[in-house]
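One structure is given below, encoded as structure tokens.
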Amino acid sequence: MISRIDIAYCHLFILLMTHFALDVLRRGDVSAALFAPGWVYETKQPPDFQTAQNHWWSLVEKSWGIGKHYPRGLPFYSNFDQGRAHHFSVDGVHILDSSWNNLSTRGFQPFLEYKDNSTLNDIKVLVNFNGASYGGGSNITFKGRLNKGNAYFTTRLFHGKLPLGNSPLYFTYSVKSKADSLLGLILNFSSGAWEKKSVLLAPAKVDHLSGKFSTVVTTRQLENLGASSEWTIQESSISLSEHTLTEISACCYRPDPQIVKLDDDNTSDQSTASVEYYAVLGHITVKSSEQKSNFPPSSSWVVEGEHIKWTPSSEDSKTVSVKIIWKLKDGIDSTFPKYNIYAKKAESASEFLGVARVQAFYVGDYAVPSGSSGVKFFIQVCDVDGSSQTLDDSPSLLLKPTT
């Protein structure tokens, strides 16, 4: 771990940089920035880069506080993607199993609290790049030990400044968990009269926790994503006019405690028994009832290929390179923030190629069997709330091999 001397130097450096940054920004001369990840990586701080980086930024937060708050507007969506991982998923479906790095896919990051000293009964919380993701390549993993019965664990995810109108807020989040490890969301609100309320969105009955929060709302589980998917989607809504959403936290808990019959015919409340807890949070979406994705049909798009080049690779295959560009036929600029690109050869399954933030994508030396009738590229349109168009309805480009 980082030594006490290192911590002292970090505090001193941050304080000096804070004074310098505030001074230059006040004068309006230049902007200032900290390149801490480079220092953490280059000096190989133990035990690993991710833990050391979290430690560093926790010191920055203690010295500077949190400068940005989100959500501040709707819709709000985060799948905790940091723009790098060892796999890639879309809507809970695993579509890529290799390492990648694309900072343009980075989303809103959680304000996880770093703890120097953890105990055996603590729940460890981390952004996980190795476990399965619901969208992108990351998730938030909660693992450790949690007492049975009335015990629960909470941790901050986001600080917000979201004023609520008269319309309800709709919350959707994805979870994957083991056994009776349950995961809910805690929403903190404040009003103009400084009244504070805490609302627990819980996927199961929690009579034993009802006294801990102002309101407990039981979420509704949406239909399963498929027999092969372990993700469950929880949905709920809440109305609190004239309030402001100030914080979103996670709540790890277990079902209502039960009296268990022991071997010696005695009954006992197992509230002190500590057992393993494991749950994964895949994404969070917050939006109003009016905000629904409206994807234009594939016929509304013009998709073209530029600089198309077919090259013989071997007796059994050839490669194609192409710049794919697309736009709406009516000439209106697209407001969609992201596009997933796929390729499909003959009867084979669609293959994920990458993500585009602009309306263009370059494919280089893509292998196609020599006897194939061609390859079809799909541009899957994605909205700001994390939803995506089905491939069958997405715009596409069919390329046929040249003779």
Side-chain angles (χ1 to χ4, degrees), residues 58 61-78 80 108-115 123 125 140 142 146 149-175 182-221 233-257 279 281 283-292 384-386:
S58 70
E61 180 184 336
K62 290 176 182 177
S63 300
W64 285 4
I66 296 176
K68 290 186 177 181
H69 294 74
Y70 45 81
R72 300 181 69 119
L74 296 178
F76 173 77
Y77 169 79
S78 177
F80 324 114
F108 289 107
Q109 296 302 300
F111 291 119
L112 299 182
E113 297 179 77
Y114 179 84
K115 294 184 178 180
I123 300 294
V125 185
I140 299 181
F142 307 82
L146 186 67
N150 298 335
Y152 68 101
F153 170 86
T154 67
T155 185
R156 175 193 66 195
L157 296 178
F158 298 104
H159 271 300
K161 284 186 178 179
L162 179 63
L164 274 65
N166 296 322
S167 299
L169 288 184
Y170 288 82
F171 291 82
T172 306
Y173 64 100
S174 55
V175 176
L182 299 178
L183 184 65
L185 295 181
I186 301 173
L187 314 175
N188 290 328
F189 298 90
S190 66
S191 68
W194 298 104
E195 177 190 11
K196 294 184 178 180
K197 290 185 179 181
S198 59
V199 178
L200 172 63
L201 305 183
K205 190 176 181 181
V206 286
D207 289 344
H208 60 298
L209 298 180
S210 59
K212 307 292 183 180
F213 307 95
S214 305
T215 305
V216 175
V217 178
T218 302
T219 60
R220 181 174 65 95
Q221 182 174 324
I233 309 298
Q234 303 293 336
E235 182 184 62
S236 187
S237 64
I238 185 170
S239 296
L240 279 176
S241 59
E242 307 305 323
H243 281 70
T244 298
L245 176 63
T246 59
E247 188 172 286
I248 301 176
S249 299
C251 181
C252 304
Y253 69 101
R254 297 190 180 281
D256 283 331
L281 180 63
H283 85 286
I284 294 178
T285 300
V286 187
K287 58 184 180 180
S288 67
S289 58
E290 296 83 8
Q291 294 169 322
K292 297 181 180 180
V384 291
D385 63 354

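Only a predicted model underlies this, so the values are computations on that prediction, with no experimental measurement involved. Nothing fancy with the numbering, it's 1 onward along the sequence. All values below were derived from every heavy atom in this structure, side-chain atoms included, with hydrogens, water molecules and symmetry-related copies excluded.
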At what distance, to the nearest 0.5 angstrom, does [atom1] of [X] lie from [atom2] of [Y]?
X: Ser239; Y: Leu169; atom1: OG; atom2: CG; value: 7.5 Å
X: Leu74; Y: Leu164; atom1: CG; atom2: CG; value: 8.0 Å
X: Tyr173; Y: Ile248; atom1: OH; atom2: CD1; value: 11.5 Å

Min side-chain heavy-atom separation [X]-[Y] under 4.5 Å:
X: His69; Y: Leu162; value: no
X: Leu157; Y: Leu112; value: yes
X: Thr215; Y: Ile238; value: no
X: Leu245; Y: Asn188; value: no

Quiz question: by atom type and distance under 3.5 Å, do the side chains of Ser249 and Glu247 form a donor-acceptor pair?
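Present: a donor and an acceptor within the cut-off.
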Are [X] and [Y] close enough that their ring centers fall under 6.0 Å?
X: Phe142; Y: Phe153; value: no
X: Phe111; Y: Tyr70; value: yes
X: Phe108; Y: Phe158; value: no

Among Val217, Leu201, Val199, exactly one meets side chain to side chain contact (heavy atoms under 4.5 Å, CB included) together with Phe171. Which residue is that?
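Among Val217, Leu201, Val199, the one meeting side chain to side chain contact (heavy atoms under 4.5 Å, CB included) with Phe171 is Leu201.
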Atom of Cys252, atom of Leu146 and distance for their closest heavy-atom approach:
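It is O-CD2, 3.7 Å.
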Under the salt bridge (charged side-chain N to carboxylate O under 4.0 Å, His left out) rule, what pairs show up with a residue in residues 152-174, not counting sequence neighbours?
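Passing the test, one end in residues 152-174: Glu61-Arg156.
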